[in-house]
Amino acid sequence: MLKINNLHVKLEEEEKVILRGVDLTVEAGKVHAIMGPNGSGKSTLSYVLSGRDGYEVTEGSATLDGEELLEMEPEERAAAGLFLAFQYPVEIPGVGNMTFLRTALNAQRKARGEDEVSAGDFLKLVREKAASLKIDADMMKRPVNVGFSGGEKKRNEILQMALLEPKMCILDETDSGLDVDAMKLVSEGVNALRDEGRAFLVITHYQRLLDHIRPDVVHIMANGRIVLTGGPELALEVEKNGYSDILAGAL
Amino acid sequence: MLAQAKLDALSARIAGLHFPSTGWQGKARGAALERLTAMGLPGRRDEYWRYTDPAKLNAAQVRADLNASDIAFQETDALRIVFTDGVFDAEFSDDLTLSGVEITRLADAVTDLHWAAEIYGVLEERGQKPVLRPFAALATAFATDGLLIRVTGKAERPISIVYRSLSDTSDVMLHHCVKLEEGAEVTLLETGDAGPRLLTNLEVDVAPSARFHHVRAQGRSHQRMVNTHIFARVADEALFKSFTASINGVLTRNEAVLDIVGDDAVAHVAGVTVGDGPDFLNDDTVFITHAAERCESRQVFKKVLKNGATGVFQGKILVKPGAQKTDGYQISQSLLLDGDSQFLAKPELEIYADDVKCSHGSTSGAIDETALFYLRSRGVPQRRAQSLLVLAFLAEALAEIEDETLAEDLQLRLESWLDRHED
Ligand SMILES: Nc1ncnc2c1ncn2[C@@H]1O[C@H](COP(=O)(O)OP(=O)(O)OP(=O)(O)O)[C@@H](O)[C@H]1O
Ligand SMILES: [Mg+2]
């Protein structure tokens, strides 16, 4: 599904290199986790994949089901089925959450040549998904993420994912800021979406999330590269011993 | 400009204009002409015209191509009154009968109309202090037509003044007076291109507990020039609200002079502007005087500027001694869609009472790139995402319009402008 090949990325404005040859393949139906020290480049990788400005790819490629991602506009990547749950969801004063969700859903459907969802069907759909994530109707009426608590913002990200049904979902520290119950809700939301045709890349610092969302593969990222890949046991090791031993062993 | 040059400019500007010198109007117009002759026309060096060059308004002749006229508020059931090239157009107008309202055409008002004589040129003259407004005096003196509207009750429906133009040289001067008697209420709409150049006065006298709503969509021809003045006097517990959507045009200067003279009154003036290109200049100049207690005033102006367009805001709140518990709010913001556009703002507060709450803020900024990316990452195409953010920026001003149908109408106009001006 997602194939990243020798990806090198620097900042556009500065001579600062962040990713130094990332290789990563995620197959359909699988959940991959990425762990790694602060500043190792995890968020940068997710931003570059989703098309944020400010980065320059100096080498390498990334494809989604064979389509070259890096040449597409962000909205084209979304329509192609890529989704990023942001580490820091963005507040947009003046744009209602409902308007936002509906515009996004219909724009993607249009880009894929599908019919737009009627206002009535949309409302039903959102209510149902919001209820399962325990997001109350009042929150839906507010501007996008404005006045949402940290945990509410993260739940709103998962709501968007549930609504847009992307095939490649990247979750960047969706667990941070969530209380224990919210973590369960969010994990259930993610697990409900797991199926043969969909893949997840879950960036996290904690084993706790991975107790709920069981990964098939765990990667360790350090200094702009995937330095180690293993099974779920790798996450347990990180949880127990931190990174220093693992990284020392990997080098 | 030297004093002589100002007078020369005036002579050239009024040469050939017809001056109606008879009856009650003749008196009021004569006094205005006297004021005007003492002032001359404004010059670039005048403090009040520092950001906006009055040359185009001073010019003796005008010529401009107008687009096919575009009339707003068609969804609203209103009494429509049409002016074609500055002259009342009976053929396209509804009958001037409306329950709760008396409407007289200015050009027809030859016999004494006492209520009008107490307003015509009177509020304008009050508005000449402390800042001179020569074009307002010019309109009082030479207006060719206009409406005298006396509202005695709740107007049955809004009055919509529709401007149209068939000539590429018409230079329109109109003067409207509105008097709301105690407890009366009316909504006045204005829309359309009056001609290549339009100069208007709108004098509004709002008696105690009366409510005046004003919403206008200025014509969207690219070459049009407009200079409007509102002079309002707002009495006890009365409400005055004016909103202007200004789209396109080469030069637009909208002045509003609001005098709050009665306790517990409310006066709001707001507007949105969208402009594209280096020839575009839009200027909102507001002067609100609080001379009574416990009054509220709001100024909310939002401008979207691109490709070298210029926005100007000069807004002042004057709180007179004794105007305690004044609540004054002023915000002027511009969204610059590129580095070439500019916003020149001069917010001012002058306060002579101690128990007041006044705030003002002025900002210019670019589109929020992070928000733009967030929207796009969810599949919203760039242009649609940008429109959403622009409309979000305008929302606080549009919220000043109480009537939802009118607000939606203007919102659609702004959206379609954004669609047409994508690059
Ligand atoms: N726009 C930017 N300007 C300057 N530095 C940047 C920028 N984006 C990323 N960096 C730097 O690149 C490095 C990687 O950042 P990134 O956010 O990808 O790390 P991360 O692995 O997600 O860390 P964390 O676990 O703390 O979220 C950091 O040193 C960060 O400061
Ligand atoms: Mg990060």
Side-chain angles (χ1 to χ4, degrees), chain A residues 46-55 69 72-112 114 143-146 153 156-157 159-161 163-166 169-170 172, chain B residues 270 272-274 300-304 331-335 337-339 361 363-401 404 407-408 410-412 414-416 418-419 422-423:
Chain A
S46 67
Y47 284 144
V48 170
L49 291 175
S50 47
R52 187 177 189 144
D53 280 346
Y55 304 101
L69 268 182
M72 295 185 212
E73 297 296 331
E75 55 268 35
E76 293 169 342
R77 302 179 197 206
L82 185 78
F83 181 91
L84 168 63
F86 282 55
Q87 182 173 0
Y88 305 108
V90 180
E91 297 188 7
I92 314 184
V95 176
N97 212 15
M98 286 299 244
T99 309
F100 163 60
L101 294 173
R102 188 156 167 224
T103 308
L105 181 62
N106 281 334
Q108 290 201 13
R109 293 182 67 97
K110 199 171 154 200
R112 292 194 291 258
E114 299 163 13
V144 180
N145 292 327
V146 175
K153 284 180 184 166
N156 199 28
E157 295 290 287
L159 172 66
Q160 292 166 37
M161 190 170 84
L163 209 63
L164 297 170
E165 299 184 324
C169 311
I170 306 174
D172 190 358
Chain B
V272 300
T273 293
V274 289
V300 184
F301 289 90
K302 303 263 185 166
K303 297 179 198 285
V304 177
I331 183 104
S332 65
Q333 295 182 307
S334 73
L335 184 61
L337 296 183
D338 54 64
T363 62
S364 23
I367 220 99
D368 178 349
E369 290 295 334
T370 311
L372 192 65
F373 172 64
Y374 189 65
L375 291 169
R376 295 178 70 192
S377 79
R378 297 309 184 236
V380 183
Q382 156 142 37
R383 284 166 179 171
R384 181 87 183 97
Q386 176 145 331
S387 289
L388 276 176
L389 295 176
V390 171
L391 290 168
F393 166 77
L394 296 175
E396 183 190 3
L398 282 165
E400 284 289 316
I401 305 173
E404 272 179 30
E408 266 166 35
L410 293 182
Q411 166 131 353
L412 286 177
L414 293 162
E415 277 178 49
S416 91
L418 290 168
D419 285 347
E422 279 171 343
D423 308 303

Tell me the closest heavy-atom pair linking [X] and [Y], and the distance in Å.
| X | Y | result |
| --- | --- | --- |
| B/Val380 | A/Glu75 | O-CB, 3.7 Å |
| A/Ala85 | B/Arg378 | CA-NH2, 4.2 Å |
| A/Thr103 | B/Leu388 | CG2-CD1, 4.2 Å |
| B/Gly379 | A/Ala107 | O-CB, 3.3 Å |
| A/Pro93 | B/Ala392 | O-CB, 3.4 Å |
| B/Tyr374 | A/Pro89 | OH-CB, 4.2 Å |

Chain A contact via B/Glu396 - which portion, at a heavy-atom distance below 4.5 Å:
neither
Taking CD in A/Glu114 as the centre, count heavy atoms belonging to other residues, nucleotides or ligands within less than 6.0 Å. Is the count above 12?
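Buried by this count: over 12 neighbours within 6.0 Å.
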Nearest 0.5 Å please: distance from the [atom1] atom of [X] over to the [atom2] atom of [Y].
| X | Y | atom1 | atom2 | value |
| --- | --- | --- | --- | --- |
| A/Tyr88 | B/Thr370 | OH | OG1 | 13.5 Å |
| B/Leu375 | A/Ile92 | CG | CD1 | 4.0 Å |
| B/Glu369 | A/Asp53 | CD | CG | 6.5 Å |
| B/Arg376 | A/Arg52 | CZ | CZ | 12.0 Å |

When the 4.5 angstrom heavy-atom criterion is applied to A/Asn106 and chain B, the contacting part is neither
Heavy atoms only, distances under 4.5 angstrom: which of A/Gln160, A/Glu73, A/Glu91, A/Arg77 has the most pairs with chain B? Name it, please.
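Highest number of pairs under 4.5 Å: A/Gln160.
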Output the option from A/Gly94, A/Gly51, A/Pro74, A/Ser50 having the highest count of non-hydrogen pairs under 4.5 Å with chain B.
A/Pro74
